[in-house]
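Note sheet for the following structure.
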Amino acid sequence: MKKIVIALSVLALLTSCVSKKKYTDLEARNKETQDLLNTATVKLNACLEEKAALSATASLLKEQNQGLISTSKDMTILSTKGAENIEKALESIKEKDLKISRMQDALTKKDSVTLAVVTSLKSAVGISDPDIEINVEKGVVFISIADKLLFKTGSYDVTDKAKGVLAKVAKVVNDKPDFECMVEGHTDNVPYNGSGILLDNWDLSVKRSTSIIRVLTTQLGVKPEQLIAAGRSSYIPLVGNDSAENRARNRRTRIVVLPKIDQFYDMIEKEMKKQRP
């Protein structure tokens with residue numbers, strides 16, 4: 001019995017010793033595991049914080065990206081509109097350049113065209129006289145005849161010599177039945193002192209105009225409906241009325257030929273063709 005008790009005691013002691021060692025090992029392992037857990041927890045928290053920061057950054061970048069996309073679309077629209085506006089501006093500039101070029105060409109040709117028309121009319125009239133001037137201004141033809149070729153001083157009776165000149169003018173008018181001709185009488189500034197129905201230079205200038213019109217219609221076959229009588233008295237002088245020579249120049253009859261535009265340019269074209277080599 002005593003041996004059994006001793007054996008049990010030894011067994012209990014051995015058992016007690018083994019359990020403590022295992023406990024110590026377990027405790028050590030537990031501490032190691034706890035350390036590892038704490039380390040893992042710290043890393044996890046760090047990762048979570050980093051994830052949160054990255055998520056916030058990602059959201060910000062997403063917003064910025066969306067903004068850039070929107071801005072890019074706006075820029076594309078603006079760029080397209082800008083390109084269209086630039087294209088329109090360039091087209092407008094081209095049109096203006098073309099107009100300017102045409103105007104420059106017209107100005108370059110103006111003198112030659114005017115010369116062509118004057119030459120054509122002078123050729124038709126058949127007169128080369130310093131007292132007869134033919135000019136073209138803005139599509140209107142002006143034939144100015146000094147009064148010394150038409151009237152005696154202070155008179156409105158047409159001279160026989162004038163009828164020869166007017167016959168040439170009538171030929172031009174009769175060749176263009178759609179033209180209208182205004183016959184303008186002009187005087188100098190010396191007051192009219194004649195007797196009869198005329199009161200002043202106004203009456204004299206108009207009476208000279210109607211006298212020429214009567215010759216053109218009754219003797220030279222011009223249609224009355226083509227003619228317009230007008231008097232300008234002394235108020236449209238060519239030069240100052242400060243000398244006898246200048247006053248003589250201001251006393252004149254001007255025949256204003258008003259052609260239709262198409263006929264006017266047809267006449268120009270015909271004359272220009274004559275001058276081509």
Side-chain angles (χ1 to χ4, degrees), residues 117-118 121-138 140-259:
V117 175
V118 170
L121 286 172
K122 282 190 174 182
S123 175
V125 174
I127 295 174
S128 178
D129 193 309
D131 293 318
I132 299 176
E133 295 181 359
I134 301 177
N135 296 303
V136 180
E137 296 178 14
K138 298 180 180 179
V140 178
V141 179
F142 300 93
I143 304 174
S144 183
I145 305 172
D147 269 10
K148 66 181 182 181
L149 296 180
L150 302 174
F151 308 101
K152 293 180 180 180
T153 302
S155 172
Y156 53 83
D157 293 326
V158 179
T159 65
D160 291 335
K161 181 181 179 181
K163 293 176 184 178
V165 175
L166 293 177
K168 302 293 186 178
V169 175
K171 182 179 183 301
V172 174
V173 178
N174 288 333
D175 286 343
K176 303 292 181 182
D178 293 328
F179 281 26
E180 287 187 340
C181 296
M182 182 166 63
V183 181
E184 287 183 350
H186 294 260
T187 70
D188 57 25
N189 67 341
V190 177
Y192 177 72
N193 293 321
S195 59
I197 61 173
L198 302 184
L199 300 179
D200 52 24
N201 283 337
W202 277 112
D203 283 351
L204 179 60
S205 63
V206 174
K207 189 63 177 173
R208 285 180 168 178
S209 172
T210 56
S211 295
I212 290 173
I213 284 177
R214 286 190 180 92
V215 172
L216 291 173
T217 56
T218 61
Q219 300 180 31
L220 301 173
V222 177
K223 296 178 182 178
E225 58 267 26
Q226 288 182 257
L227 302 174
I228 304 167
R232 307 303 295 269
S233 186
S234 61
Y235 298 103
I236 313 292
L238 295 175
V239 292
N241 287 289
D242 51 6
S243 68
E245 183 181 354
N246 284 348
R247 285 191 293 272
R249 186 176 175 190
N250 288 329
R251 294 191 302 270
R252 67 199 187 279
T253 296
R254 188 170 74 160
I255 300 174
V256 184
V257 183
L258 307 169

Check whether any side-chain N or O of [X] sits under 3.5 Å from a backbone N or O of [Y] as a donor-acceptor pair, and report yes or no.
| X | Y | value |
| --- | --- | --- |
| N201 | S234 | no |
| N174 | A170 | yes |
| N250 | H186 | no |

Exercise for the section: Count the heavy atoms belonging to other residues, nucleotides or ligands that lie under 6.0 Å from NZ of K148, then report whether that count exceeds 12. Expected result: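 For K148, atom NZ is not crowded (no more than 12 foreign heavy atoms under 6.0 Å).
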Problem - Flag if over 12 foreign heavy atoms under 6.0 Å of CD, E225 - result: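 Enclosed: over 12 neighbouring heavy atoms sit under 6.0 Å from CD of E225.
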Tell me, do [X] and [Y] make a side-chain contact under 4.5 Å, heavy atoms counted?
| X | Y | result |
| --- | --- | --- |
| D157 | F151 | no |
| V183 | I228 | no |
| L227 | T217 | yes |

Exercise for the section: Could you pull out the closest heavy-atom pair between A229 and T210, with the gap in Å? Expected result: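 Heavy atoms only, the tightest pair is CB-CG2, 3.9 Å.
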Problem - Considering all heavy atoms, the nearest T187-S205 contact - result: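 So the two residues come closest at CG2-CB, 4.0 Å.
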Problem - Steps toward side-chain contact (heavy atoms from CB on, under 4.5 Å) verdict (L216, V173) - result: CA-CA 10 Å; L216 291 173; V173 178; over 6 Å; no
According to salt bridge (Lys or Arg N to Asp or Glu O under 4.0 Å), who are the partners of [X], at least two apart in sequence or on a separate chain?
| X | answer |
| --- | --- |
| K223 | none |
| D203 | none |
| R252 | none |
| K152 | none |

Measuring from atom [atom1] of [X] to atom [atom2] of [Y], what distance do you get when rounded to the nearest 0.5 angstrom?
| X | Y | atom1 | atom2 | result |
| --- | --- | --- | --- | --- |
| L220 | I212 | CG | CD1 | 11.5 Å |
| T253 | L149 | OG1 | CG | 10.0 Å |
| S144 | R249 | OG | CZ | 9.0 Å |
| L198 | K207 | CG | NZ | 7.5 Å |
| I255 | F142 | CD1 | CZ | 12.5 Å |
| C181 | Q226 | SG | CD | 6.5 Å |

Counterpart residues, side chain to side chain contact (heavy atoms under 4.5 Å, CB included), relative to [X] (two or more places apart):
| X | value |
| --- | --- |
| A230 | M182, E184 |
| T218 | none |
| A162 | L150, V158, T159 |

Can you pull out every ring pair (Phe, Tyr, Trp, His ring centres under 6.0 Å) where at least one residue sits in [range]? Sequence neighbours excluded, please.
| range | answer |
| --- | --- |
| residues 198-250 | W202-Y235 |
| residues 203-230 | none |
| residues 155-177 | none |

Practice task
Take R247 and V190 through the test side-chain contact (heavy atoms from CB on, under 4.5 Å) and record every step on the way to the result.
Solution key: CA-CA 8 Å; R247 285 191 293 272; V190 177; 3.7 Å; yes
Problem - Derivation and outcome, side-chain contact (heavy atoms from CB on, under 4.5 Å), residues N241 and N246 - result: CA-CA 6 Å; N241 287 289; N246 284 348; 5.8 Å; no
Problem - salt bridge (charged side-chain N to carboxylate O under 4.0 Å, His left out): pairs with one or both residues in residues 208-220, sequence neighbours excluded - result: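 The answer is D147-R208.
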Exercise for the section: Among residues two or more places apart or on two chains, list those pairs meeting salt bridge (charged side-chain N to carboxylate O under 4.0 Å, His left out) that have a residue in residues 188-202. Expected result: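 Passing the test, one end in residues 188-202: D188-R251.
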